Amino acid sequence: MFREMRRKNKQLSEEECIDMLIHEPRGVLALLGDDDYPYTVPMSHVYVDGKIYFHGAMKGHKVDAVKKYSKCSYCVVDKGIKAEDSWWYTFKSVIVFGTIKTLTDRDEKIDKLTHFGDKFFPTHQETVDEINRLIDKTNVFEITVDHMTGKEVEEK
């Protein structure tokens with residue numbers, strides 16, 4: 001069902017892909033948007049127990065797109081390494097294909113937001129304070145990974 005990578009010699013291992021999803025802070029979420037146009041949006045994420053999580057508003061284009069069609073893609077690119085005395089970079093990317101849903105269970109939302117906050121806030125107390133302040137105004141989205149590939153590219 002999913003295409004094999006054409007340049008297998010550039011393919012990252014599953015462990016390298018997971019490492020990027022854990023450590024890179026952002027990626028781009030792709031959904032089927034209004035009038036079936038692709039809709040992409042930069043997102044901060046966490047990778048927990050084999051799934052990818054985001055948070056967002058209770059209304060908007062992303063919410064409508066998730067309700068309309070559950071298939072999605074998510075792409076993460078690292079910062080890359082610039083070759084010395086040259087213009088090109090070597091960088092890694094991961095592309096995930098999966099299904100996305102909005103979490104509805106309050107305890108599950110709090111758990112995933114705690115992972116999220118602990119990744120991005122300086123202290124756990126800030127995470128707790130932010131969750132308490134915004135839990136009723138925040139959606140949490142979950143991607144179940146159906147297929148994942150990663151690639152290392154050297155631009156020249």
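None of the values given here were measured: they were computed from a predicted structure.
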Problem set entry | Donor-acceptor pair, side chain of Tyr74 and main chain of Met43, under 3.5 angstrom | yes

For this session: Specify the closest pair of heavy atoms between Cys17 and Leu12, including all atoms of both residues, with the distance to one decimal.
Result: SG-CB, 4.1 Å

Exercise. By salt bridge (Lys or Arg N to Asp or Glu O under 4.0 Å), which residues pair with Asp107, not counting sequence neighbours?
Worked result: none

Exercise. Among all residues two or more places apart in sequence or in another chain, which pass the side-chain hydrogen bond (donor to acceptor under 3.5 Å, both in side chains) test with Glu108?
Worked result: none

For this session: Find out if a path of hydrophobic residues (ILVMFWY) with successive side-chain heavy-atom gaps under 4.5 Å connects Phe120 to Val140.
Result: yes

Exercise. Do Val41 and Leu21 share a hydrophobic cluster (ILVMFWY, side-chain heavy atoms under 4.5 Å, transitive)?
Worked result: yes

Exercise. Of all heavy-atom pairs between Leu31 and Cys72, which one has the smallest distance, and what is that distance?
Worked result: CD2-CB, 3.6 Å

Exercise. Do Phe97 and Ile52 share a hydrophobic cluster (ILVMFWY, side-chain heavy atoms under 4.5 Å, transitive)?
Worked result: no

For this session: Go through the structure and list residues passing salt bridge (Lys or Arg N to Asp or Glu O under 4.0 Å) with Arg26, not counting sequence neighbours.
Result: none

I'd like a table of donor-acceptor pairs (distance under 3.5 Å, sequence neighbours excluded) in which one partner is a side-chain atom from residues 53-67, with atom names and distances.
| residue | atom | partner | partner atom | Å |
| --- | --- | --- | --- | --- |
| Tyr53 | OH | Glu142 | OE1 | 2.8 |
| His61 | NE2 | Asp34 | N | 3.4 |

For this session: Considering non-hydrogen atoms only, spot the tightest contact between Cys75 and Ile95 and give its length.
Result: SG-CG1, 4.1 Å

Exercise. Asn132 side chain to Val128 main-chain N or O, any donor-acceptor pair under 3.5 Å?
Worked result: yes

Seminar exercise, completed: side chain to side chain contact (heavy atoms under 4.5 Å, CB included) filter on Ile110, not counting sequence neighbours, yields Arg106, Thr114, Ile131, Ile135

Exercise. What residues, two or more places apart in sequence or in another chain, satisfy side-chain hydrogen bond (donor to acceptor under 3.5 Å, both in side chains) together with Lys68?
Worked result: Asp36

Exercise. Within the side chain of Thr40, is there an N or O that forms a donor-acceptor pair under 3.5 Å with the backbone of Leu29?
Worked result: no

Problem set entry | Gap between atom CZ of Phe91 and atom CD of Glu152 - 0.5 Å precision | 9.5 Å

Seminar exercise, completed: residues 124-134 vs salt bridge (Lys or Arg N to Asp or Glu O under 4.0 Å), sequence neighbours excluded, gives Glu130-Arg133

Problem set entry | Under the side-chain hydrogen bond (donor to acceptor under 3.5 Å, both in side chains) test, residues paired with His124 that sit two or more places apart | Asp118

Exercise. Going hydrophobic residue to hydrophobic residue with side-chain gaps under 4.5 angstrom, can you get from Met20 over to Val153?
Worked result: no

Exercise. Which pairs pass ring pair (Phe, Tyr, Trp, His ring centres under 6.0 Å) with one or both residues in residues 5-26, sequence neighbours excluded?
Worked result: none

Seminar exercise, completed: The remaining residues in the hydrophobic cluster of Tyr69, counting side-chain heavy-atom contacts under 4.5 Å among Ile, Leu, Val, Met, Phe, Trp and Tyr, are Leu32

Exercise. Mind checking whether His45 and Ile143 have side chains closer than 4.5 Å, heavy atoms only?
Worked result: no

For this session: Under the side chain to side chain contact (heavy atoms under 4.5 Å, CB included) rule, collect the residues that match up with Thr104, sequence neighbours excluded.
Result: none

Problem set entry | Linked, directly or transitively: Val46 and Ile22 (ILVMFWY side chains, under 4.5 Å) | no

Exercise. Just how far is it from atom NZ of Lys51 to atom CG of Leu103, taken to the nearest 0.5 Å?
Worked result: 8.5 Å

Problem set entry | Lys109 side chain vs Thr138 backbone, donor-acceptor pair below 3.5 Å | yes

For this session: Working to the nearest 0.5 Å, report the span between NZ of Lys151 and CD of Gln11.
Result: 10.0 Å

Exercise. How close do Phe116 and Ser44 get, heavy atom to heavy atom, and via which atoms?
Worked result: CE1-O, 3.4 Å

Problem set entry | Pairing residues for Asp105 by the side-chain hydrogen bond (donor to acceptor under 3.5 Å, both in side chains) criterion, not counting sequence neighbours | none

